[in-house]
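I have placed the structure first, in the form of structure tokens, so that the comments after it can refer back to it.
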2 protein chains.
Amino acid sequence: VIQLEGIDKIYQTGEVAVKAVRGVSLTVKPGEFAAVMGASGSGKSTLMNLIGCLDRPTAGRYLLDGEDVGALSKSELSRVRNQRLGFVFQGFNLLSRTSALENVELPLLYSPHGHGRRELRRRSLAALAQVGLADRAEHYPSQLSGGQQQRVAIARALVNEPALLLADEPTGNLDTRTSLEIMAIFQELNRKGMTILMVTHEPDIARYCLREITMRDGQVISDQAVPDR
Amino acid sequence: VIQLEGIDKIYQTGEVAVKAVRGVSLTVKPGEFAAVMGASGSGKSTLMNLIGCLDRPTAGRYLLDGEDVGALSKSELSRVRNQRLGFVFQGFNLLSRTSALENVELPLLYSPHGHGRRELRRRSLAALAQVGLADRAEHYPSQLSGGQQQRVAIARALVNEPALLLADEPTGNLDTRTSLEIMAIFQELNRKGMTILMVTHEPDIARYCLREITMRDGQVISDQAVPDR
Ligand SMILES: Nc1ncnc2c1ncn2[C@@H]1O[C@H](COP(=O)(O)OP(=O)(O)OP(=O)(O)O)[C@@H](O)[C@H]1O
Ligand SMILES: Nc1ncnc2c1ncn2[C@@H]1O[C@H](COP(=O)(O)OP(=O)(O)OP(=O)(O)O)[C@@H](O)[C@H]1O
Ligand SMILES: [Mg+2]
Ligand SMILES: [Mg+2]
């Protein structure tokens, strides 16, 4: 469960302070499926980075499963990210010098496990197949289309079967049909218990979620349940 | 005017040949406003790169304003790109070590002109203001949101007032309202004579165009006028 209390994030660029996130208090319970929406620059990615323990707030408190994230050391944060979180970045952030398959396998290599390399490779290939890219396993990111890179990033976020998936515009580069295939995967994972928080700017995609959180100028201005579909 | 005749683009990755574009013949007249749509991996970006003289076809002929592009030298191609084309990349491709303003100014610095540095700076600031980012002029790309980076890429493509704008998913990271602001800018430029070819996966955005070209597996499978709005 995610509990944000009075979270601020202020960036200092030279003389100017940019208040990217201002006084956000938010609770997300296990098994929820929420969309985060709002204008470009309203603070969505910054909020996701704070929730994903990739950045520290300037003020406020963040409890993840009851643990005060602000009190964790760098290595403890890294362990939390690897074991409990899956993150799809807005810019994908794939490693350019390793293949699609190796990119997907990376979280598995970093997590404690009793499996051999062949089992990890099998799981990575299964994750790639799930997003329709089994035949692109050996391609490098520069040899993939924009939407293919995005799907590799999605496969990488899911391969560790995280309890919490944070996805920043996961369908931004996908055609309608491929987007719906991805949303069907997310819905199935949510049905089985995965908590999902995803940024999207498309209302048709947000309709797959059960809760809509809207941001403006760093604040949460609305937070409501989506009527039953 | 763009004239593609039997264009192929084949990528060789190891033993496998990927036919990214297959036998595409296409004519785009001056002043047209066309959308390029199709599934992820269907060849849209590859086609745009070929039209934008950023890549050479494996087979076929490409006439740009009557000139055979395949016969041009590297420096002539570079001149064509700088003077006649504006390109918005799917991945933005901003220079990470220069500010938003300097990124937008770059095409002006490379083109022949009689203006002083102050005039170039004024034009770059005007281009940034047009996409709503005058107050982000000094930020570096890493200090901008995804949608802000996308808008800087759009401003950069427009600052040289090109005859032809090639935009690959220019609203992919923008909320609905900001997307419509960008489409209004494009419509106005098209009304004044700019030829625009843009890749989009969103039908609501494609509706602003007057022609819809659809790709599948490297081929153009449909090409029709959009009914009058
Ligand atoms: N350098 C490369 N080497 C090998 N294959 C490549 C290379 N670049 C692209 N491809 C392949 O060519 C095909 C077309 O890619 P392209 O980027 O044109 O697709 P796209 O229609 O723009 O897709 P998207 O909507 O996902 O951006 C894809 O299947 C991709 O894997
Ligand atoms: N490192 C930084 N330094 C200064 N300002 C920053 C930095 N990173 C982000 N910002 C600013 O913080 C604000 C919020 O950025 P954020 O990336 O969270 O927006 P967003 O809602 O994700 O936008 P988009 O929909 O365009 O992706 C933006 O106005 C941006 O310019
Ligand atoms: Mg963002
Ligand atoms: Mg593409």
Side-chain angles (χ1 to χ4, degrees), chain A residues 11-16 18 20 37-46 48-49 89-92 94 99 131-133 135-151 168-169 171-179 181-182 199-206 214-216, chain B residues 11-16 18 20 37-46 48-49 89-92 94 99 131-133 135-151 168-169 171-179 181-182 199-206 214-216:
Chain A
Y11 291 112
Q12 199 71 37
T13 22
E15 311 224 334
V16 180
V18 174
M37 307 185 78
S40 173
S42 57
K44 307 179 296 295
S45 295
T46 303
M48 296 289 275
N49 289 341
F89 295 88
Q90 189 169 8
F92 322 147
L94 299 178
S99 69
V131 297
L133 292 175
D135 63 350
R136 288 284 180 275
E138 302 305 326
H139 281 230
Y140 286 73
S142 60
Q143 298 171 327
L144 296 172
S145 77
Q148 290 170 343
Q149 292 175 30
Q150 189 158 40
R151 284 182 277 160
D168 198 344
E169 293 280 358
T171 64
N173 279 281
L174 301 176
D175 55 285
T176 307
R177 189 176 125 195
T178 311
S179 300
E181 288 171 8
I182 294 299
V199 174
T200 180
H201 67 259
E202 293 183 60
D204 289 350
I205 297 295
T214 307
M215 293 189 72
R216 186 164 68 203
Chain B
Y11 292 112
Q12 199 71 36
T13 22
E15 311 224 332
V16 180
V18 175
M37 306 184 79
S40 172
S42 57
K44 307 179 297 294
S45 295
T46 304
M48 295 288 275
N49 289 342
F89 295 88
Q90 188 168 8
F92 321 149
L94 299 178
S99 70
V131 296
L133 291 176
D135 63 349
R136 288 285 182 274
E138 301 305 325
H139 281 230
Y140 286 74
S142 62
Q143 298 170 328
L144 296 172
S145 76
Q148 289 169 342
Q149 292 175 31
Q150 188 157 40
R151 284 182 275 159
D168 198 342
E169 292 282 0
T171 65
N173 278 283
L174 301 176
D175 57 286
T176 307
R177 188 177 126 194
T178 312
S179 301
E181 289 170 11
I182 294 300
V199 174
T200 180
H201 68 258
E202 291 184 59
D204 289 350
I205 298 297
T214 307
M215 294 188 71
R216 186 164 69 204

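Please read all numbers here as calculations on a predicted model, not as lab measurements. Chain identifiers are assigned alphabetically (A, B, ...) following the order of the sequence lines, protein sequences preceding nucleic acid strands; residue numbering begins at 1 within each chain.
Your options are A/R151, A/K44, A/Q143, and the one with the most heavy-atom pairs under 4.5 Å with chain B is A/R151. For the options B/N173, B/T176, B/T178, heavy-atom pairs under 4.5 Å to chain A are most numerous at B/N173. Per-residue counts of heavy-atom pairs under 4.5 Å with chain A were compared for B/Q149, B/Q90, B/R177, B/H201; the largest is that of B/H201.
Only the backbone of B/T171 comes within contact range of chain A, with heavy atoms under 4.5 Å apart. Residue A/T200 does not touch chain B at all, counting heavy-atom pairs closer than 4.5 Å. Heavy atoms of A/S40 lying under 4.5 Å from chain B belong to its backbone as well as its side chain. Heavy atoms closer than 4.5 Å to chain B are found in both the backbone and the side chain of A/Q148.
Residues B/E202 and A/D204 fail the side-chain proximity criterion, which asks for heavy atoms closer than 4.5 Å. The shortest distance between side-chain heavy atoms of A/H139 and B/V18 falls below 4.5 Å.
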